[in-house]
Amino acid sequence: MERHKSYNTVFISTFIDRKNIDHLIRTALDNNQTLSILFIIVNQTKSELILPSSTHIDFLQINTERLSLSKARNIGINYLLKNEINFEHIMFPDDDTTFSNVFFDRYKDYINSDENYLIDVYCFRSSNLFKPVKYVEGEFLNRRNFEAAMSVNMIINYKTFVQVGIFDERLGVGAKYGAGEDADYYIRACDFSHHRFIYIKTLFNFHPSSSNKFSKMKLKQIINKYTTYGNGAIFMLCKHKMYFEAFKICFRAIGGVIVALCKLNFKLFIAYGFAFFSRLSMFVKCIIYSKRLFKHA
């Protein structure tokens with residue numbers, strides 16, 4: 001990697017699954033013929049990756065111990081900030097993200113260096129969106145549209161990235177509050193970038209369907225997943241004084257209880273019940289201790 005080289009985009013991906021990261025690397029190598037990319041891989045395993053050489057992609061491997069997702073990503077972020085790497089945009093693909101040639105071939109036609117973007121995410125090997133999207137091509141989004149943001153679908157310009165900096169290490173997989181790091185990053189990016197992102201449906205990547213993961217989980221795992229996700233989201237929203245949105249997430253679990261009961265799905269009925277009380281407790285805690293937790297005035 002040349003120190004003063006400039007890149008169209010940087011990928012920061014954490015590596016905990018060899019099969020996944022190999023697939024991600026291969027889809028980038030096989031499909032990218034147009035973009036100059038710095039691909040930073042934060043390796044949390046004891047297995048050393050043999051990284052390929054490429055005309056268009058410079059690979060950098062940083063080895064570390066097993067950390068939370070946010071801490072691992074921050075290692076890559078701090079490397080960029082410390083070494084003053086030149087690039088236009090940054091993305092945070094998970095190791096189970098994949099790309100087609102469409103993303104790379106269309107990128108320069110739609111991405112302006114002064115703007116931030118959200119793109120579509122499809123379930124792996126399907127034409128189904130990973131989550132429902134109500135926005136149209138080119139629509140401006142702000143902090144109120146946080147539910148559209150995922151780590152894997154944000155394209156953030158350099159100026160915004162430098163201002164936002166690192167992920168909140170209290171949030172994300174493996175952290176105290178196991179979700180919400182992506183929406184937190186998105187909201188902070190909105191606050192530093194004319195309060196907007198642009199939604200681009202023409203660009204997209206792929207991610208494994210969450211329904212496939214849940215179908216294989218035991219009750220205890222589902223309870224942990226629902227409570228962890230809800231608590232992280234509530235903590236994140238209260239951090240940004242978005243109390244009404246946090247309150248809605250509490251009672252979304254009640255909707256899940258009713259639907260599960262109607263479908264006689266007692267596993268989800270129990271999981272949503274636990275999630276409701278856990279989320280309500282977290283909401284009350286965030287209100288009472290807001291000054292200590294978030295330094296609110």
Side-chain angles (χ1 to χ4, degrees), residues 1 3 5-18 20-29 31-32 35-45 48-49 51-52 54 56-99 103-104 107 111 113 116-119 121 149-169 171-175 180-186 188-189 192-193 197 203 205-207:
M1 183 181 68
R3 179 170 176 79
K5 185 175 181 179
S6 181
Y7 298 93
N8 295 123
T9 189
V10 172
F11 289 173
I12 294 180
S13 183
T14 65
F15 159 39
I16 58 173
D17 186 296
R18 182 60 177 264
N20 284 343
I21 197 69
D22 283 346
H23 195 195
L24 169 58
I25 290 171
R26 181 49 54 193
T27 63
L29 282 172
N31 292 302
N32 176 44
L35 302 183
S36 174
I37 299 174
L38 172 60
F39 198 145
I40 297 176
I41 299 171
V42 183
N43 185 348
Q44 301 179 77
T45 75
E48 187 78 10
L49 278 176
L51 296 173
S54 168
H56 300 287
I57 304 177
D58 289 338
F59 290 94
L60 173 67
Q61 182 173 197
I62 303 175
N63 297 318
T64 186
E65 60 186 342
R66 188 69 175 265
L67 302 169
S68 72
L69 181 57
S70 291
K71 284 185 178 180
R73 284 177 175 153
N74 286 344
I75 289 175
I77 289 173
N78 285 325
Y79 176 89
L80 292 174
L81 296 174
K82 179 180 178 181
N83 291 279
E84 299 180 345
I85 307 297
N86 296 313
F87 58 92
E88 295 177 355
H89 287 87
I90 188 168
M91 295 186 71
F92 301 99
D94 291 338
D95 64 358
D96 55 0
T97 301
T98 50
F99 292 89
F103 175 86
F104 302 105
Y107 185 95
I111 302 302
S113 61
N116 298 311
Y117 300 87
L118 294 185
I119 65 173
V121 180
M150 297 179 278
S151 300
V152 300
N153 77 335
M154 292 188 288
I155 303 178
I156 297 173
N157 70 45
Y158 178 82
K159 182 178 179 181
T160 303
F161 162 75
V162 171
Q163 291 177 300
V164 176
I166 62 174
F167 282 86
D168 187 335
E169 294 183 355
L171 297 168
V173 176
E181 84 289 351
D182 43 9
D184 173 70
Y185 206 90
Y186 168 81
R188 287 189 286 142
F192 285 121
S193 59
F197 274 63
L203 299 181
N205 55 28
F206 300 91
H207 199 271

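None of these values were measured; they are calculated from a predicted model. Just the heavy atoms: all of them, side chains too, but no hydrogens, waters or symmetry mates, feed the values below.
Contacts of Thr160 classified as side chain to side chain donor-acceptor pair (under 3.5 Å), with partners at least two apart in sequence or in another chain: Asn116, Asn157. Evaluation of the ring pair (Phe, Tyr, Trp, His ring centres under 6.0 Å) rule for Phe87 yields Tyr158, Phe161 as partners, not counting sequence neighbours. With sequence neighbours excluded, no residue forms a salt bridge (charged side-chain N to carboxylate O under 4.0 Å, His left out) with Asp17. Remark: Asp94 pairs with Arg73 by the salt bridge (charged side-chain N to carboxylate O under 4.0 Å, His left out) rule, at least two apart or across chains. When the ring pair (Phe, Tyr, Trp, His ring centres under 6.0 Å) test is applied to Phe11, the partners found at least two apart in sequence or on another chain are Phe39, Phe99.
With values rounded to the nearest 0.5 angstrom, Phe15 atom CZ is found 8.0 Å from Ile25 atom CD1. The CG atom of Asn20 sits 5.0 Å away from the CG atom of Asp96 when rounded to the nearest 0.5 Å. Here CD1 of Ile37 is found 13.0 Å from NE2 of His89. Values are rounded to the nearest 0.5 Å. Of the inter-residue distances, the one linking Thr27 atom OG1 with Phe103 atom CZ reads 10.5 Å to the nearest 0.5 angstrom. Separation of atoms CG (Asn83) and CG (Leu38) is listed at 10.0 Å; rounding is to 0.5 Å.
At least one side-chain heavy atom of Phe59 sits under 4.5 Å from a side-chain heavy atom of Pro52. Between Ser151 and Glu181, the closest side-chain pair of non-hydrogen atoms falls below 4.5 Å. A heavy-atom distance below 4.5 Å is not found between the side chains of Thr9 and Glu88. Using a 4.5 Å heavy-atom cutoff, the side chains of Ser13 and Val42 are not in contact. In this structure the side chain of Ile21 reaches within 4.5 angstrom of the side chain of Leu49, judged on heavy atoms. Counting heavy atoms from C-beta outward, Val164 and Tyr185 have side chains that approach closer than 4.5 Å. Here the side chains of Tyr7 and Lys5 are in contact, with some heavy-atom distance below 4.5 Å. At least one side-chain heavy atom of Ile12 sits less than 4.5 Å from a side-chain heavy atom of Ile90.
Between Asp22 and Arg26, no side-chain nitrogen of the basic residue sits less than 4.0 Å from a carboxylate oxygen of the acidic one, so the salt-bridge criterion is not met.
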Run the side-chain donor-acceptor check on residues 63-71: report pairs under 3.5 Å with partners two or more places apart or on a different chain.
from: Asn63; atom 1: OD1; to: Asn43; atom 2: ND2; distance (Å): 3.4
from: Asn63; atom 1: ND2; to: Glu48; atom 2: OE1; distance (Å): 3.2
from: Ser68; atom 1: OG; to: Lys71; atom 2: N; distance (Å): 3.3
from: Ser70; atom 1: OG; to: Leu171; atom 2: O; distance (Å): 2.6

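The nearest pair of heavy atoms linking Ala72 to Thr14 is CB-CG2, 3.5 Å. Heavy atoms only, all atoms of each residue included: Arg188 and Phe167 are closest at NH2-CA, 3.7 Å. Across every non-hydrogen atom of Asp168 and Asp184, the tightest pair is CB-OD2, 3.6 Å. Contact record, Leu29 with Ser54: CD2-CB, 3.6 Å, taken as the closest heavy-atom pair.
For Tyr186 and Phe197, the gap between ring centers is short of 6.0 Å.
A distance-only check finds a donor-acceptor pair linking the side chain of Asn205 to the backbone of Val152 [under 3.5 Å]. Side-chain atoms of Asn153 do not come within 3.5 Å of backbone N or O of Leu118 as any donor-acceptor pair.
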